[in-house]
There are 4 protein chains.
Amino acid sequence: MRFFSDNAAAACPQVMEALTAANRVDTAYDGDEWSKRLDGAFSDLFGKPVSALWVTTGTAANCLGLATLCPPHGAILCHNQAHIEVDEAGAPGFFTHGAKLTLLPGEGAKLTPETVEEACARVRDDVHQVQPAALSITNATEYGLSYRVDEVAALGEEAKRRGLGFHMDGARFANAVAFTGADPAEMTWRAGVDVMSFGFVKNGGMSAEALIFFDPAKADAVPRLRKRAGHLLSKGRYLAAQILAMLEGDLWLSNARAANAAAAALAKAAGPDRLVYPVEANELFVRMTNGEAAALRSQGYDFYDWGPGEVRLVTSWDQDMDDVAKLAAAIRSL
Amino acid sequence: MRFFSDNAAAACPQVMEALTAANRVDTAYDGDEWSKRLDGAFSDLFGKPVSALWVTTGTAANCLGLATLCPPHGAILCHNQAHIEVDEAGAPGFFTHGAKLTLLPGEGAKLTPETVEEACARVRDDVHQVQPAALSITNATEYGLSYRVDEVAALGEEAKRRGLGFHMDGARFANAVAFTGADPAEMTWRAGVDVMSFGFVKNGGMSAEALIFFDPAKADAVPRLRKRAGHLLSKGRYLAAQILAMLEGDLWLSNARAANAAAAALAKAAGPDRLVYPVEANELFVRMTNGEAAALRSQGYDFYDWGPGEVRLVTSWDQDMDDVAKLAAAIRSL
Amino acid sequence: MRFFSDNAAAACPQVMEALTAANRVDTAYDGDEWSKRLDGAFSDLFGKPVSALWVTTGTAANCLGLATLCPPHGAILCHNQAHIEVDEAGAPGFFTHGAKLTLLPGEGAKLTPETVEEACARVRDDVHQVQPAALSITNATEYGLSYRVDEVAALGEEAKRRGLGFHMDGARFANAVAFTGADPAEMTWRAGVDVMSFGFVKNGGMSAEALIFFDPAKADAVPRLRKRAGHLLSKGRYLAAQILAMLEGDLWLSNARAANAAAAALAKAAGPDRLVYPVEANELFVRMTNGEAAALRSQGYDFYDWGPGEVRLVTSWDQDMDDVAKLAAAIRSL
Amino acid sequence: MRFFSDNAAAACPQVMEALTAANRVDTAYDGDEWSKRLDGAFSDLFGKPVSALWVTTGTAANCLGLATLCPPHGAILCHNQAHIEVDEAGAPGFFTHGAKLTLLPGEGAKLTPETVEEACARVRDDVHQVQPAALSITNATEYGLSYRVDEVAALGEEAKRRGLGFHMDGARFANAVAFTGADPAEMTWRAGVDVMSFGFVKNGGMSAEALIFFDPAKADAVPRLRKRAGHLLSKGRYLAAQILAMLEGDLWLSNARAANAAAAALAKAAGPDRLVYPVEANELFVRMTNGEAAALRSQGYDFYDWGPGEVRLVTSWDQDMDDVAKLAAAIRSL
C-alpha cells in the first residue's frame, strides 16, 4: 500500500476522459480551443483577469515564473528547504541565468516577514552584493503546513514594501485551500502574490500544471520563455484539457480534500507526540524508530525515511480509505 | 479537411490505450517500469546499446542533445532553414548557454560535406572566433527531403574528421526511414550520428519524444540537464508508455508510411512542375497562385501559405485517403 | 615597420602621465575622483547628460551595452562582418544569455535601413521565432568606412520605428568623427543611438574604453552587470584617468586625425584600383598579389593578409610619417 | 591616514616602471613577449609547469577558474562569508551559467574537511539535487586568517576523495605566504589545489591578477572563456609586465611582508581582547565602541565599521610605519 508520493498516484478518471475527448484534430501548440479557455477558467476561479499557461512540470512553472520576477543579477528569497532550492536540480539558476537563491530559515519550511526582513537587512545596497528581487513561498509547504491568508498577506506586504516580486509554489495549493477553506483569491493575489504555479499532477492530473500571472501585463514575455525552454508542446490541447477537467466542478478541490482527509486520519492515529509538524495538507512527518518503520513495512506499507527517526507519509486523491484505516490502526499499535 | 500540420492530428489509438494501461500507481519520475524499458527498446531497434530518454518536445530533445555536444563557447553548424534556427525561439542558445548557430546553405534544407567544409574553412583557429563543435542535420528535412544513408555517412565522416559532434533532428525520422527504406542503424550511428531526437508526436503520439545517445557513456549528464530544464515529468510513465506503444510492432513505421503515402498521392497529382522539392516524406511545397490556393480553400482544404506563390501541405498518420483523393483531384483540376 | 594593428601601438604620453598622476591613494572601485568625473566629461562632449562607465575592452563595452538592449530571447541585428559576430568569441551570447545575432549583408560592413527592413520582414511575429530587439552598427566599420550622420540617422529612425534599441560599436569612433568632421552628438544620440562603446585603446590608450548610455535612466543596471562580469576593477582610477586624459584638449580627435592622415597618404599611393573600399578611417584593404605583398614585407613592412589577393594595413596615432612615406613609395613602385 | 582598504593603495614604483618599459609596440592581445613569459615565471615560482593567464580582477580570475571546475548543473562548496558569495555580485553564477554556491560555516571564514563532509553528506545522489563539483577556499581568508599548509592539504584530500575540483581565491595569497612562511608549492598544488587566483592588485599592482592552472591540460578552454567574457585586453603586455615586475626579486612577498608587519603592529597594540580573530595577514577586525571608533576617526584615521561594535583595519604594502605607530598608540590609549 503506497504512502510514498502523490506523484505515484494514477490520473483521475475525469482527466482520462478529458484526454479522450480532446483526441481529435485541432490547432497545434496552444492555438486549440482548450488552451484558449485557460485564461477564462482561471480568471473565473480567481475573480479577476489572469494569464494562465500550461506547462508539464512544477519546476518549469516555478522557474518560468521566477524568471519574470528576478533578473539574472538578482536574488530570490526562499526557505532553505524550498523545493526550488532542494529538489529542482538548480533549475532556478538555469531559467534565471544565474540568479541567486538566498536561503531563509523557518519552522516547517514557512517564512515570516521577520525572516525576510532579516535577510534583506544583511544585504548592503551596493554593486558588490546581489540585491533581493523576489520572494518565493510554497503553499502548502514542503513539510505539509498550510499558510493562512493573513500569513501570506503579511509576506505580501513585506514584499511590496521592499519591491520584491512575490511567487507562490502551489504544487499543493489545492491541499492548502482544502485545509484552510480559504478563498483562492484571498490566498493569492489579494495577499500580494504576483505569480503562482498551480499544481494538478500531484492531485490527480497526468502531466499538466498551470502557471498563473495575476497581472496579465507582466506575462507578455512568458510564452516566448516557455517556447525557448522547450516547454511549448505541439499538441497542447491534451494539457489544457486536463486542467479544465480538474477545474470543472471543483474537482481539484474535492481531490485535495480526499487526500487531506486520508492524511488527517493518519495524523489522528499518530498523535501529537509522533508528529514533527501539524498535518495541514496531505503529508505527514512522523517520528518512528527504525524498528517501528520496519514493522509497518513488513505489513505492506510503502513510505520514505526522512532523516533519522522520522518517516514521511504522503496521501493521494485516490487513497483507499480502508488502507488508510488499516495503516492508522497499525500506527496506533506500534 | 486538414493539411496544415501533422501536429494537428490526433493521437493514435494504440497510444491512447497505452495511457490507459499505464494509468496505475508506479514509481514517480522515470523510476517506473515503462521508463526503465526505454533503453532496451531503442537498443533493440538500433542494434546496439543506447541511452534513451523521454521528453515532451522536439525542441527539448534537440537542445538537450546539442548541449551535450557543444560548449557555451562553441558553434553548431546547421542549415539556415533548420528548425533549431528558425522555429525554436532561440532554445539552442538557452540550453547551450549561448553557443552560436553557424548557418549553412543548401537546397531543400540539406547539408553536404562541402558546405560544412566551407563553413569550417572560414573560421580562424584563434580565441577570437567561435570554433565549430557540432553539426546538426534534420532528417527528413524542413522541406520534406530525406537524406540517404550515404549522404548521412558522408556528413558523419566530415564531422568526425573535424572533431564535430553529430546531431540529427529526427522530428520526422520515421518518415525518412519509411521513404528510404533504410535501416535505422545505417541511417544514424553507423553513419556517425552521436545524438538524435526521435519524433513521435507528429507521427501519432500525444506528448512524448525520445532523445537517443548512441554512446551511453556520453549521456551521463543528460538526466540532470533534463531535470534542470524542468523536463523531468513526475509521472513519466505516461510518456514512456506512448513511446513503447509506438515502437511495438513498428507502429512508428506504419504510421509514417501512411502519412508518406498520402503525400505521395498528392505529389503525383501536383506533378513535377508544381513541386518546389521532390516529395520524400509527408510534406509538399507546391507552387500555386493565390487564386488557386483560394479555390482549394473554398472547397474545404486547410493548409498554410509558404512564401509568395507557394503553399505547404502536410499529411498525417491518420489522413483520410478519400480526402486525399479528393484533394488530389482538386489539384489536378486547378 | 608596423602596419598590422592599432592595438600594437604604444600608449600615448598623456595617458602615461595621467597614470602617474593618478598613482596615489584614493577610494577603491569607481568611487575615486577620476571615475566620478566621467559622466560629466562625456556629457560635455555630447551636449547632454549621459552615463559613462569605464571598462577595459571593447568586447566588454559592446556586450554590456547590448545586454541592456536585448533580452535573452531577442535578436540583435548586425552586419555579417561585425566585430561582435566575427571577433568577440561569442561574447554577445555570453553577456545576453543566449540572444541571437541576426546577420545582415552590406558593402564594406555597412548597414542600411533597407537591409534592416528586409531582415525584420523575414521574421514571423509568433513565439517560434526570435524577435529582433536591437540594431548594432560599427562606426567606423570593420572595413574602414565611416557612416555619415544622415546614414546613422536613417538607421536610427528605422530602429525607432521597429522598437529596436540602437547600439554603436565605436572602437574607432574617433576615426569616424575625424574623417567626417561630424559633431559627436549628431553622429550618435541625435541620430537615435541609445548606447555606444567609445574606443580609446586603439587610439593611444592603454587599457580603458568607455561605455556610454545616452539615456542615463536606462543605465541603472549596468554597474551591476559590469561587476557581475568581473569588469569592476578595484583601482578604477587608473582607467578613468586614461580616458579623461584623452578627452582633454580633444586628444582623442587629434590622435585619430594622425592615424587617418597616415592611412590617407597610403590610400593615395595605392590608388583607387587597388583599394577594395574607400579609405575613411585608419584601415586600408588593398588588392595585392602574393608576390607584391612579399616584396613589401621584404622591405620591412608588417601587415596582415586579408583573404586571397588582399592585405590589410592599419595605421596608428603614433605612426611615423617617414615610414608612411616610404611605404607609400614602395606601394607606388609595386 | 588610510586603513580602509588595500585596494585604495597606489601601485608600487616597480609596477609603474614596468608599464613604462612595456610602452612600446608589440603584438596585440597576449601575443607579446611579456605575456609569453608568464607561464614560465609562475612555473619557476611553483616548481612545476603551470598555465598562467592575466586578468584584471580577482572576480574574473576566481570565476573563470571556477567555470572550468564546475558545470552549470553543479555546486561549488565555499564559506558563507567567501568573497565569491558575498562580494562578487553573483559573478560565479554568471561565469558558470547558474551553478550553485553551497555555503559552509566556519570560524573566521575558514573551512575544514569536516564541514565539507557534512555539506556533501546532506546531498542525495539523485538528479533532483545539485551535486557538489568544486571546493573553493580563500587564503588568506576574508577575516585575515591564513590557512596552514596541512590545513589546505587536508581539504585537498577531502576534495580529491569526493572528486571535487579545488580552487583557491588567493587575492591575499601573498599575505598568507608571508605570514606562514610556507612554500608556495606546498600551499597550493602539493596540497591538492587545481586552480588559483593569485592576487597582485591589493599588494601593489595596478590592474593585473593572475589565474593559475596547476594542470596545464585543464586550461585549454580558458583563453576562450577569457575572451568570451571580454577579459582579453588588446594590449595585454601592460598586464603581464606588472605581474612579472612583482614576481621579480619576490617583490610580491616583500610587499606582503610590509603590509603584514603593519597589521601585526596594530594587532599588538589592540591586544587579544579587542581582536575578533588572530591577525595572520593584513586585516584586523577590532572590537571597539562607536565612541572609540569616533575618537580614532577624529584623529584622522580612516577605516570601515564591520558590524556592531567592530571595525576593520586594513594595511597596505606602502603603509607609513610612522602612521602605524601613531595609530597603535591611539588604540592603546582608547
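Chain A is the first sequence line, chain B the second, and so forth, proteins listed ahead of strands; every chain is numbered from 1. Quick caveat: nothing in here was measured; it's all calculated off a predicted structure.
When A:Asp6, A:Thr57, A:Asn23 are compared by the number of non-hydrogen pairs under 4.5 Å with chain B, A:Asn23 comes out ahead. Comparing B:Gly31, B:Gly90, B:Ala60, B:Ala28 by how many heavy-atom pairs each has under 4.5 Å with chain A, the most go to B:Gly90. Comparing A:Leu225, A:Val201, A:Asp318, A:Asn62 by how many heavy-atom pairs each has under 4.5 Å with chain B, the most go to A:Val201. Interface check for chain A: of the options B:Ala229, B:Gly236, B:Gly205, the most heavy-atom pairs under 4.5 Å are formed by B:Ala229.
Looking at A:Tyr238, its side chain does come within 3.5 Å of a backbone N or O of B:Ala11 through a donor-acceptor pair. A:Lys235 places no side-chain N or O within donor-acceptor distance of the main-chain N or O of B:Ser207, the cut-off being under 3.5 Å. Here the side chain of B:Arg237 pairs a donor or acceptor atom with the backbone of A:Ala8 at under 3.5 angstrom.
A:Asp32 does not touch chain B: none of its heavy atoms, backbone or side chain, sits under 4.5 Å away. Heavy atoms closer than 4.5 Å to chain A are found in both the backbone and the side chain of B:Thr20. Only the backbone of B:Arg24 comes within less than 4.5 Å of a heavy atom of chain A; no side-chain atom from C-beta onward does. Neither the backbone nor the side chain of B:Asp302 comes within contact range of chain A; no heavy atom of the residue lies under 4.5 Å from a heavy atom of that chain.
Shortest non-hydrogen contact noted between B:Ala9 and A:Val25 is CA-CG2, 4.4 Å. A:Ala91 approaches B:Arg228 most closely through the heavy-atom pair CB-O, 3.0 Å. Of all heavy-atom pairs spanning B:Gly230 and A:Thr56, the tightest one is O-OG1, 4.5 Å.
Looking at heavy atoms from C-beta onward, A:His231 lies out of side-chain contact with B:Thr59 at the 4.5 angstrom threshold. By the 4.5 Å heavy-atom criterion applied to side chains, A:Met206 and B:Leu19 are counted as neighbours.
The aromatic rings of A:His97 and B:Phe94 stand perpendicular to each other, their planes meeting at an angle above 60°, with 30° marking the opposite boundary.
The distance from the CG atom of B:Asp26 to the OG atom of A:Ser5 is 11.5 Å, given to the nearest 0.5 Å.
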